[in-house]
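Let me begin by presenting the structure, written as structure tokens, before commenting on it.
Counting starts at 1 for both ligands and their atoms, in listed order.
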Amino acid sequence: MSTNQQQKTEQAVQPLDRIAIGRHASIVCIICNVTLAAAKALAGIAAGSVSVIADAVNNLSDASSNIISLVGFQLAGRPADAEHPYGHGRYEYVAGLVVALLVMAMGLELLKSSIEKLIYPSPTNFGILTGIALLASILLKLWMMNYTRKVGKQISSKTLKAAAIDSRNDTLTTTGVLIAVLITRLTGTNLDGWAGLAMSAFVIYSGVQLVKDTVDPLLGHAPSTQKVEHIRRRILSYPGVLATHDLMVHDYGPGRQFASAHVEMAAERNPLETHKILDQIEQDFLSQDGLHLVLHYDPIITCDPEHTDLHNRIARRIRSIDPRLTIHDMHVEGSVNDTKAGAAISFDCIRPQGLPMTNDELREALNEVLKPLIGNSALSIVIDEGYLHIADDINSKEHEHPQG
Ligand SMILES: [Zn+2]
Ligand SMILES: [Zn+2]
Ligand SMILES: [Zn+2]
């Protein structure tokens, strides 16, 4: 299937269907994981095996992340109320955090048991039941891997795609435990402590990941570079869009993500048409990404050679301070060629990451390098923080638009 066709099938799924399908898949995963955890916990206790019990706890942690994603799908369809205008998504992150800490605590407990088992070896009684439980677990996880991958693609859900990767990892770890069980059974060398050690380390690692997944959004972390790039590229793909800047993303929990961005379009275009395109972009983001996007329209003068020329010369000149510096939202009142009164020029400048000067120093440096160009014109500069802006090559479309 080509990317285009795939995009079409992904777009064909209606938002409400998407929620229903995602919810259904999450419930299937919860049932599978809880069943696996229970079966392996019983088999592990019967055999006195720390590694099999650790494997069971691992599935329990999967079940809890399934629950978090289930609530995520649930919330995506529910409106906010007056007291919580941004929805209730953050409660779910708090619930997820509690579960994650629990998983980590169990992982540490299992780590302790594994080390004890290595120091004071106690017999492990692996029977045919242990083998069947582990083998069934591997087969079920293989099925879950294919299932979540397929549904994840169908409704383009990151959570389900992540669940597919997790199922693949679980197939490998359980295979490891099964091999240890077989070696122990066949050779008499008891590997249970070692397998338990590896398995509990994996459980602790999963717990740390879960904590990270839940704490990051609670602290209001910066959106991932991929996400910013995805939003930017999508906005730029619409007709008439020249460039976009000042993107901000706020994450209030699953299905409660808000963003705002400025979109540059030719000032000479019909305003009704321009507004229609901007509305379309907002609607598409809501229905396809569940992202509430608000766009601000920046009209760009493309038919005034003097304006375009001034913009290009300023943009070129400021690169002597740092080649990554870019400007946007340039407004000019009057003319720089008016040697008596000068003009009033204002623009935003994006401060690149790691620039070794303060905002005031940057503003001073900009005034300095632009002085010869603009004479006695007044200059007003807004410095935008660069942490939400990414590589310059995608700040604007690949072809040079009239302002450079
Ligand atoms: Zn702007
Ligand atoms: Zn509108
Ligand atoms: Zn700006």
Side-chain angles (χ1 to χ4, degrees), residues 222-223 227-250 258-282 284-285 291-304 306-319 321-322 324-333 343-353 355 359 362-363 366-367 370 374 377-404:
K227 178 160 208 149
V228 171
E229 193 177 341
H230 166 77
I231 295 173
R232 217 175 264 281
R233 282 190 191 282
R234 275 274 297 279
I235 292 176
L236 289 173
S237 73
Y238 285 82
V241 175
L242 299 173
T244 173
H245 56 260
D246 289 358
L247 171 66
M248 278 198 275
V249 183
H250 302 281
F258 298 80
S260 63
H262 292 197
V263 173
E264 296 180 13
M265 294 176 86
E268 298 81 11
R269 282 181 80 101
N270 178 330
L272 287 177
E273 247 176 61
T274 302
H275 174 256
K276 209 170 131 191
I277 294 170
L278 293 174
D279 263 4
Q280 189 62 50
I281 300 175
E282 291 172 343
D284 288 351
F285 268 98
L291 180 75
H292 302 256
L293 178 67
V294 176
L295 296 177
H296 167 86
Y297 164 48
D298 280 332
I300 298 296
I301 299 161
T302 56
C303 292
D304 179 353
E306 192 190 319
H307 184 97
T308 305
D309 179 58
L310 181 65
H311 180 282
N312 288 347
R313 280 160 70 186
I314 290 177
R316 215 173 301 130
R317 208 166 256 266
I318 62 167
R319 282 186 211 134
I321 301 170
D322 186 302
R324 294 171 298 168
L325 285 177
T326 61
I327 61 164
H328 57 265
D329 285 353
M330 188 183 93
H331 300 285
V332 183
E333 260 167 61
I345 305 169
S346 65
F347 60 78
D348 289 11
C349 178
I350 297 176
R351 176 199 169 84
Q353 248 169 344
L355 189 75
N359 282 356
L362 176 59
R363 206 173 278 121
L366 287 166
N367 271 302
L370 293 178
I374 60 169
S377 298
L379 195 55
S380 146
I381 303 167
V382 172
I383 308 287
D384 285 338
E385 286 303 328
Y387 50 84
L388 285 184
H389 301 274
I390 43 162
D392 289 337
D393 58 320
I394 46 175
N395 265 338
S396 51
K397 277 187 178 167
E398 252 145 53
H399 62 263
E400 281 241 319
H401 73 76
Q403 290 201 345

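Per residue Asp298, closest N, O or S atom to the Zn ion (ligand 1): atom name OD2. Counting just the N/O/S atoms of Asp329, the one with the shortest distance to the Zn ion (ligand 1) is named OD2.
In summary, an N, O or S atom of His245 is located under 2.8 Å from the Zn ion (ligand 1). His262 lies close to the Zn ion (ligand 1), since one of its N, O or S atoms is found at a distance under 2.8 Å. Glu264 lies apart from the Zn ion (ligand 1) in this respect, since none of its N, O or S atoms is found at a distance under 2.8 Å.
Under the rule for a salt bridge (Lys or Arg N to Asp or Glu O under 4.0 Å), the partners of Arg269 that lie at least two apart in sequence or sit in another chain are Glu273. For His296, the ring pair (Phe, Tyr, Trp, His ring centres under 6.0 Å) partners are His262, not counting sequence neighbours.
By the 30° and 60° cut-offs, the orientation of the rings of His292 relative to Phe258 is parallel.
Within the 4.5 Å cutoff, the side chain of His230 has no heavy atoms near those of the Lys227 side chain.
A pairwise comparison of heavy atoms in Ala261 and Leu293 identifies N-CD1, 4.5 Å as the closest pair.
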